[in-house]
Asker: 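Below: one structure in C-alpha cells.
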Amino acid sequence: EFDVEAWVSFGWSPDDKGKMIGSEAIIGLPLQPSGPANPAKYHMFDEKVEGVLPFDMAGQTLTDAAVWQEGGKTYLRFTKKLEEPGEIPINSEGLNYWMWAYGFENELGLHDKKTGTGAFSLSVTPCTPSRAIAAPVPSPVPPTVGIFAPVPTAGSPVPPPVAIFVPVPTAGSPVPTPDKEEGKIDESVPEKQDQDTEAVDPPTVLDCSDYQHLAEIDPKLTMYYVVNENGNASGDTISVKLEYQGNAWLALGVAENAEGKMIGSESVIALPDVAVGPSNPGEYRMVSEKNEGVFLMEGAKQTLSGGSIVQEGGMTIVEFKKLLREEGKLGMTVGEELPTTFLWAYGYSNDLNLHKATGAFRLSLNYCSGGTDESAKDAFTSLNKYTAESRRRMWTAHAILGLLAWAVLAPTAIASSWLRKLLSKYGGLWFKIHMYSNILVIVMTVVSFALAIILVSDENKSHFVGTHEAMGLAIMLLATFQSTNGFFRPKPAPKDEIAKTSRLSALVVNHAYHERDQGSDDELGSGISWTPPPPPLPGVSTATPSPEGSLIGDSFEIKMIKSASSSPSEIKKTKIVRTVWETLHKMLGYFLLFIGLWQVSSGIELYAAKFGTTNLSYVYWWCIGAVASVVLALTVYVRVREVK
C-alpha cells in the first residue's frame, strides 16, 4: 500500500548494496488494465527509464497480480515464486534485500530520489499449515521508507492477502530478531483452521507457444527459446529470442562441426538499420572469416518466419522461428545425447563488420511437452574458456608485447650495432645491448605468438588465414632462426699485422722486393705495405746499410719462421665464413626489423577495428620516423668523425 497515486514498484537486489542496477522489480501501472503484463517483472539495467525493461512474456509468471487506486492510495498485489530460472532468487529462510519506489504520476517515469525510493533488509519465514508464527508488532516507520500497511478495509474491491509482513527497520538497517514471546507458536489456533488456510498451487501448464528456456550466452547476450514438435520431423521448429545489452548487429548460427568453427557454418544475422523483411533477419553462409566471405542465401533458402528486430532502451531484441531440419542446410538435433553446436556474435555497431565478441556453445534441445513440467532440461555448454572481457585483456597483452619487441627492442639492438664506434669507449657495451635486446625480442615474440594462438582457438577461428596472422607466423620462425644463429657466430679471422700476425712470426721484407712486387696479390703479400726495416727480431740476421745511408740496395734477410697457428688457406676460409655469416645476419636482421615494424602497424589497425578504439597507427609511424632520424644523425656523425 503506497500513500500516493502514482506508479509503484517493489523489487529485490542480488546483494546487500541495494543498488538499482542489476536488480529486478515488479512494477504496477495504475492506468493500464491488470493482466499478464501489469503488474509485471522488470530488469533494472540502468537508472534511466530506458534501462528499465520488462521480462519477456515467458518470464511473466506472477499470479493473483493486480494494481489499483482507492482513497488517494495505490495498492500493488502479486504472488511470485521464490526461485525461477535466470532470475535473482529470494531466500525462503533468511535475509533478503528489498527495494521500493513510486513516481510523480501514474505513467512510468522518474521517481523522487529523496522520498520516492528506498531499500531495506527483511528475513522471511515460510508459512506452514501446522505452525503459525505471530506477526511482529509494527513500529513507527520514517516517511522516507514507505509504509506497508495491513490489508485493505472491508469493502475493498480486492480480496485481502492471507498474511501481511510489515517491515519495521529503516533503509539499510538490520532487522531485529523477534524474541521468544513474539515468535512462539500460537496454540490457540485450532488444527482444523490451519488446514483450512492451507493453499496448494495448481500445476502450471506450459505454454509451448511462448519461450520456455533461456541460455546466458554472454554477460550481455541472452537467448530465449522453445522447441516445438509439429507432427513430422521436417516441420519441427525452434523459436528464438535474442536480447543484447547494446545497439549492434546480432548473429546466431549452427556450426558444421563440433568445434564451432565459423567457416562452413550457417547463421541468422539481424541488421537493425535494414528494414525487416524476408531476408532480415536473414540466413547466411560463412565461407570465410572476412566480410566478403559472409553470403546471404538465395531467396528460396530464406525460410525464417516471425522475424523482428527492435532497438529500444539501449537494447537490441531479435526474434525469429526456424525449421530444425531443411534440405541443403545444416540441421539441429533434439535429445540429450545429440547436442547441437551453435555460434554467436555481436558487433560494434548496426553495420555488419568485425564483431565485438563471438563464441560457440553446445546445447541439447528438447521438445516442449506442454505438460505440467519439462521432461528434460536442456544442457548448455560453452566452448569458450574466456569471456569477451578476458579475451580483450589478453589481446591487449598480445599487442603490447609485440609493440615492445619490434618497435622498441629490435630497433635498439640494430642501433647499438650501427653506433658501436660511438659506444667503443664503454668497452663491450654495444654488444651487450645488442645481445640482450635480441633475447628480449625473441622472448616477447614467443609469448605474444602463444597468446594469439590461444585466443584464435578460443574464438573458434582458423589459424593464419589473414595477412597479419601469416606474417606473424613468418616473424616467429625467422626470429627463432636469427636468435639461434646468433649463438653460432664464427670466430673472426686473425689481423694482418706484423706484430700480431698468426700466419707468420716474421716476413722477408726488402726494398727491392717491395719495388718489384708492389701491388701483387699473392697469399703472403696481399694487403701488406712496405715500411722501413723494423728492429731486429729473434732469429733475424741483418746486413749493414750502405755507407751513404741510402735505403737503395739495402737488404734484410729474415728467416721465415712458421707459426703453429692456421695456414694462410685456412685463414682465408675463416674470413669467407665469417663474412657470409655477418652478411646473412645483418640482412635478415634488417628484413625482420622492416616486417616487424609493419606488423605492429597492422596490429594497431586490427586492434582498433576489433575493439572500436582510435586507430593510432599514424602516431606510431611518426614516432618510428623520429627515432630513425636520431639514429641516422648519430651514424652520420660517427662517419664524419672517422674521416676527420
Side-chain angles (χ1 to χ4, degrees), residues 215 217-218 221-223 225 227 236-242 244 248-271 274 279-304 307 309 316 318-335 338-348 351-365 378-386 388 391 453 455-466 469 610:
I217 300 173
D218 179 79
L221 182 64
T222 304
M223 170 185 171
Y225 65 97
V227 180
D236 297 345
T237 61
I238 180 171
S239 298
V240 176
K241 178 182 179 181
L242 299 174
Y244 169 64
W249 60 265
L250 302 181
L252 180 71
V254 178
E256 186 179 29
N257 49 49
E259 287 74 27
K261 299 294 184 182
M262 176 179 173
I263 296 178
S265 66
E266 297 173 359
S267 181
V268 176
I269 299 179
L271 306 175
V274 179
S279 59
N280 189 43
E283 297 183 79
Y284 290 74
R285 285 193 176 91
M286 308 294 152
V287 179
S288 76
E289 294 175 355
K290 297 181 179 180
N291 274 10
E292 297 78 11
V294 179
F295 293 102
L296 181 68
M297 294 185 187
E298 57 272 20
K301 296 288 187 180
Q302 299 295 337
T303 56
L304 299 180
I309 307 172
T316 302
V318 176
E319 294 185 87
F320 61 86
K321 181 184 288 186
K322 186 182 184 326
L323 293 170
L324 294 183
R325 289 167 288 275
E326 297 180 74
E327 185 177 355
K329 294 184 183 180
L330 300 176
M332 289 169 270
T333 54
V334 178
L338 299 171
T340 301
T341 303
F342 291 88
L343 299 96
W344 60 270
Y346 52 81
Y348 288 95
D351 298 327
L352 184 61
N353 209 312
L354 289 176
H355 45 67
K356 184 177 182 180
T358 184
F361 61 91
R362 294 194 186 104
L363 189 63
S364 298
L365 302 174
D378 294 357
F380 175 90
T381 305
S382 176
L383 299 183
N384 303 106
K385 184 177 180 180
Y386 306 101
R391 287 199 295 268
I453 293 292
L455 288 167
V456 170
S457 298
D458 192 65
E459 293 178 354
N460 303 294
K461 293 183 178 180
S462 301
H463 292 284
F464 315 120
V465 295
E469 293 82 354
K610 185 177 184 66

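Computed from a prediction, not measured in an experiment: that's the story for all the values here. Residues take their numbers from the sequence shown, with the count starting at 1.
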Asker: Excluding sequence neighbours, so at least two apart, what forms salt bridge (charged side-chain N to carboxylate O under 4.0 Å, His left out) with Glu292?
Answerer: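 For Glu292, no residue satisfies salt bridge (charged side-chain N to carboxylate O under 4.0 Å, His left out) once neighbours in sequence are set aside.
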
Asker: With side chains defined as the heavy atoms from C-beta onward, is the minimum distance between Glu259 and Thr341 less than 4.5 Å?
Answerer: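 They are not in side-chain contact.
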
Asker: Which distance, rounded to the nearest 0.5 Å, do you find between the CZ of Phe295 and the OG of Ser288?
Answerer: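 Phe295 atom CZ to Ser288 atom OG measures 7.0 Å (nearest 0.5 Å).
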
Asker: If you measure from the Lys or Arg side-chain nitrogens to the Asp or Glu carboxylate oxygens, is any gap between Arg391 and Glu459 under 4.0 Å?
Answerer: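 A salt bridge is present here (some side-chain N lies under 4.0 Å from a carboxylate O).
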
Asker: To check you understand the geometry: which heavy-atom pair defines the closest contact between Leu242 and Met223, and what is its length?
Answerer: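 Heavy-atom minimum between the residues: CD2-CB, 3.8 Å.
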
Asker: Could you give the distance from OG (Ser457) to NZ (Lys385), rounded to the nearest 0.5 Å?
Answerer: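 NZ of Lys385 is found 11.5 Å from OG of Ser457.
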
Asker: Can you tell if the side chain of Ser279 reaches within under 4.5 Å of the side chain of Met297, non-hydrogen atoms only?
Answerer: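 The answer is no; the side chains never approach within 4.5 Å.
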
Asker: Roughly how far apart are Leu304 CG and Thr237 OG1, rounded to 0.5 Å?
Answerer: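 Leu304 CG to Thr237 OG1: 11.5 Å, rounded to 0.5 Å.
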
Asker: Is there a side chain to side chain contact (heavy atoms under 4.5 Å, CB included) between Leu330 and Val254? Walk through the geometry before answering.
Answerer: CA-CA 7 Å; Leu330 300 176; Val254 178; 4.2 Å; yes

Asker: Would you please say whether a donor-acceptor pair under 3.5 Å links the side chains of Tyr346 and Asp218?
Answerer: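 Distance-only check passes for Tyr346 and Asp218.
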
Asker: Are the side chains of Asp351 and Trp249 in contact, using a 4.5 Å heavy-atom criterion?
Answerer: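 Result no, sub-4.5 Å side-chain heavy-atom pair not found.
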
Asker: Out of curiosity, Leu383 CG to Phe361 CZ, how far, rounded to the nearest 0.5 Å?
Answerer: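 The CG atom of Leu383 sits 9.0 Å away from the CZ atom of Phe361.
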
Asker: Decide side chain to side chain contact (heavy atoms under 4.5 Å, CB included) for Ile309 and Asn280; before the verdict, give the C-alpha distance in whole Å, the side-chain angles of both, and the deciding distance to 0.1 Å.
Answerer: CA-CA 8 Å; Ile309 307 172; Asn280 189 43; 3.5 Å; yes

Asker: So how far is it from Arg362 CZ to Thr340 OG1, rounded to the nearest 0.5 Å?
Answerer: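 Here the rounded value is 11.0 Å.
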
Asker: For the residue pair Leu352 and Leu271, what are the closest heavy atoms and their distance?
Answerer: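 Looks like CB-CD2, 3.8 Å.
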
Asker: So, Asn384 side chain and Ala360 main chain: donor-acceptor pair closer than 3.5 Å or not?
Answerer: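 A pair under 3.5 Å: yes.
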
Asker: Thinking salt bridges, do Lys301 and Glu326 make one under a 4.0 Å N-O criterion?
Answerer: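 Salt bridge absent between Lys301 and Glu326.
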
Asker: Distance check, rounded to the nearest 0.5 Å: Trp344 atom CH2 versus Leu252 atom CG?
Answerer: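 Atom-to-atom, Trp344:CH2 and Leu252:CG are 11.0 Å apart.
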
Asker: Looking at every heavy atom in both Gly328 and Arg285, which two are closest together, and how far apart are they?
Answerer: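 The answer is O-NH2, 3.9 Å.
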
Asker: Can you tell me if Asn257 uses its side chain to pair, donor with acceptor, with the backbone of Gly260 under 3.5 Å?
Answerer: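 A pair under 3.5 Å: yes.
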
Asker: Where do Pro281 and Val318 come nearest, in terms of heavy atoms and distance?
Answerer: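 Residues Pro281 and Val318, closest heavy atoms: CG-CG1, 4.1 Å.
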
Asker: Take atom CD of Glu298 as the centre, draw a 6.0 Å sphere, and report whether it contains more than 12 heavy atoms from other residues, nucleotides or ligands.
Answerer: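 Enclosed: over 12 neighbouring heavy atoms sit under 6.0 Å from CD of Glu298.
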
Asker: Looking at Lys329, Lys322, Lys321, which one forms a side-chain hydrogen bond (donor to acceptor under 3.5 Å, both in side chains) with Thr303?
Answerer: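 Between Thr303 and the candidates, side-chain hydrogen bond (donor to acceptor under 3.5 Å, both in side chains) is satisfied uniquely by Lys329.
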
Asker: Give the minimum heavy-atom separation between Thr358 and Ala345, together with the two atoms involved.
Answerer: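 What the structure gives for the nearest pair is OG1-CB, 3.9 Å.
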
Asker: Counting C-beta onward and ignoring hydrogens, is there a side-chain heavy-atom pair between Leu324 and Val227 closer than 4.5 Å?
Answerer: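 Touching, per the 4.5 Å side-chain cut-off.
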
Asker: Give the minimum heavy-atom separation between Ser267 and Met286, together with the two atoms involved.
Answerer: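 Smallest interatomic distance, heavy atoms only, reads CB-CE, 3.3 Å.
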
Asker: Given the rule in the side chain to side chain contact (heavy atoms under 4.5 Å, CB included) test, do Ile453 and Phe464 qualify, once you have shown the distances and angles that lead to the verdict?
Answerer: CA-CA 9 Å; Ile453 293 292; Phe464 315 120; 3.6 Å; yes

Asker: Give the intermediate values and the outcome of side chain to side chain contact (heavy atoms under 4.5 Å, CB included) for residues Thr222 and Lys241.
Answerer: CA-CA 8 Å; Thr222 304; Lys241 178 182 179 181; over 6 Å; no

